[in-house]
Protein chains: 2
Amino acid sequence: MPVYDVYAKNCPTRMLLDHIADKWTALVLWKISGGPVRFNQLRRDVEGISTKVLSQTLKRLGRDGLISREVFATVPVTVEYAITPLGQTLSEKIEILAEWAETNIEAVLAAQEHFDKAAGDEMGATAAGAANRRLIQAAGMR
Amino acid sequence: MPVYDVYAKNCPTRMLLDHIADKWTALVLWKISGGPVRFNQLRRDVEGISTKVLSQTLKRLGRDGLISREVFATVPVTVEYAITPLGQTLSEKIEILAEWAETNIEAVLAAQEHFDKAAGDEMGATAAGAANRRLIQAAGMR
DNA sequence: GAAAGTCGCTTTCCAATGGAAACTTGATGG
DNA sequence: CCATCAAGTTTCCATTGGAAAGCGACTTTC
């Protein structure tokens, strides 16, 4: 049997990690794991997602066997997305990640504040300071 | 105490999930959790990452308090990145995700094959054919 | 019977992000 | 004084992402 390694560029597990270690994918899959949901309901629940990205994300999840898609001949047509057994196992892991975020958000915010304060301190009105400030801004650290 | 919700567009936890639910971040953090690593070592170990993205990723991880950075006055200069206690708690969750990927990759590959095969099939005028055609078209797999 | 609304998308357009590769900095050995 | 190495940064172009509009099929409202 093959040896899988996410650190290898061409390993299938790398591709899979690319699919699942994604903000929108995580939010959408977790939401669907709570029960079947329709397209526009997802759009409203997952604040900030665009229909384009939602559509792409659902396609990928469907192809990977993590969710199913069912069409109901109502008017207007209704489409329900539901979690599969395989998807359920993944959503449990994603839930752990999301819970970590909610548990540790304050520690992270504190770290960011500390970091930004230190960056501001170590440069006065010097030329080097101005240069660094520009660097930091370029690095998107504000 | 504020109520955090990753589904809310402007919640700090959403920003945090955005940082951690990312392919490169996950790979880099997990690698560093195995012991202090230098920049170029990371670059070699995490196959496919560019220096630009590695640099940005390390900055973000540092600002979020998940890794530390130590400079050694060797020649040429050496820089070591190490995991922090906070980062260690996260890397354990990320490891769970990566393990899920390695455990379930074959099921996902099978699902993809099944899905793509259905898309490639001739599909006559059967009810099943029509149903599949709808699924495939919706998934944009032509 | 025309206009407006619903759902589930797709398309278009522009801005932001990502990757490949060249360049920089600073100290040293040849 | 040229080449080298670590640790990045910068440049350039391609891919991706988001906002908004369009679409098809059908009902409800005026």
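Convention: sequence-line order gives letters A, B, ...; per-chain numbering from 1.
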Would you indicate which nucleotide in [options] comes nearest to any side-chain atom of [X]?
{"X": "Gln56(A)", "options": "dG17(D), dA21(D), dG19(C)", "answer": "dG17(D)"}
{"X": "Pro76(B)", "options": "dC5(D), dA19(D), dC9(C)", "answer": "dC5(D)"}
{"X": "Lys59(B)", "options": "dT9(D), dG18(C), dT10(C)", "answer": "dT9(D)"}
{"X": "Lys52(A)", "options": "dT27(D), dT11(C), dG18(C)", "answer": "dT11(C)"}
{"X": "Val75(B)", "options": "dG8(D), dT28(C), dA6(D)", "answer": "dT28(C)"}

Within less than 4.0 Å of OP1 or OP2 of [N], is there a side-chain N or O belonging to [X]?
{"X": "Arg43(A)", "N": "dT6(C)", "answer": "no"}
{"X": "Trp24(A)", "N": "dG17(D)", "answer": "no"}
{"X": "Tyr81(B)", "N": "dA6(D)", "answer": "no"}

In this structure, how many angstroms lie between the [atom2] atom of [N] and the [atom1] atom of [X], rounded?
{"X": "Glu70(A)", "N": "dC7(C)", "atom1": "CD", "atom2": "P", "value": "18 Å"}
{"X": "Leu27(B)", "N": "dG18(C)", "atom1": "CG", "atom2": "P", "value": "14 Å"}
{"X": "Asp22(B)", "N": "dG19(C)", "atom1": "CG", "atom2": "P", "value": "9 Å"}
{"X": "Phe39(B)", "N": "dT25(C)", "atom1": "CZ", "atom2": "P", "value": "17 Å"}
{"X": "Leu54(B)", "N": "dA7(D)", "atom1": "CG", "atom2": "C1'", "value": "10 Å"}
{"X": "Asn40(B)", "N": "dA7(D)", "atom1": "CG", "atom2": "P", "value": "5 Å"}
{"X": "Leu42(B)", "N": "dA7(D)", "atom1": "CG", "atom2": "P", "value": "10 Å"}
{"X": "Glu80(A)", "N": "dG8(C)", "atom1": "CD", "atom2": "C1'", "value": "14 Å"}

Within a strict 4.5 Å, meaning less than it, do heavy atoms of the Ile20(B) and Trp100(A) side chains meet?
->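 The answer is yes; the side chains approach within 4.5 Å.
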Residue mapping more 5' on DNA chain D - nearest nucleotide basis, Ser55(B) or Ile49(A) =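 Of the two residues, Ser55(B) wins.
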For [X], report the nucleic acid contact type (base, sugar-phosphate, nothing); a contact means any heavy atom under 4.0 Å.
{"X": "Thr78(A)", "value": "sugar-phosphate"}
{"X": "Arg38(B)", "value": "sugar-phosphate"}
{"X": "Phe72(B)", "value": "nothing"}

More 5' along DNA chain C: Val77(A) or Thr51(A), using each one's nearest nucleotide?
->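 Between the two, 5'-proximity favours Val77(A).
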So with a 6.0 Å cut-off around CD of Glu113(A), is the heavy-atom count from everything else above 12?
->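 No, not enclosed.
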Name the one of Thr57(B), Val37(B), Ile49(B) that satisfies side-chain contact (heavy atoms from CB on, under 4.5 Å) with Leu42(B)?
->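 Running side-chain contact (heavy atoms from CB on, under 4.5 Å) over Thr57(B), Val37(B), Ile49(B) with Leu42(B) returns exactly one hit, Val37(B).
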Would Asp116(B) and Arg63(A) satisfy salt bridge (charged side-chain N to carboxylate O under 4.0 Å, His left out), going step by step from the backbone distance to the final call?
-> CA-CA 8 Å; Asp116(B) 295 349; Arg63(A) 190 169 100 104; 2.3 Å; yes
Verify the distance criterion only: is there a donor paired with an acceptor across the side chains of Gln41(B) and Tyr81(B) at less than 3.5 Å?
->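 No donor-acceptor contact under 3.5 Å links the two side chains.
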Can you name the nearest heavy-atom pair linking Pro12(A) to Tyr4(A), along with the distance?
->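 Looks like CG-CE2, 4.0 Å.
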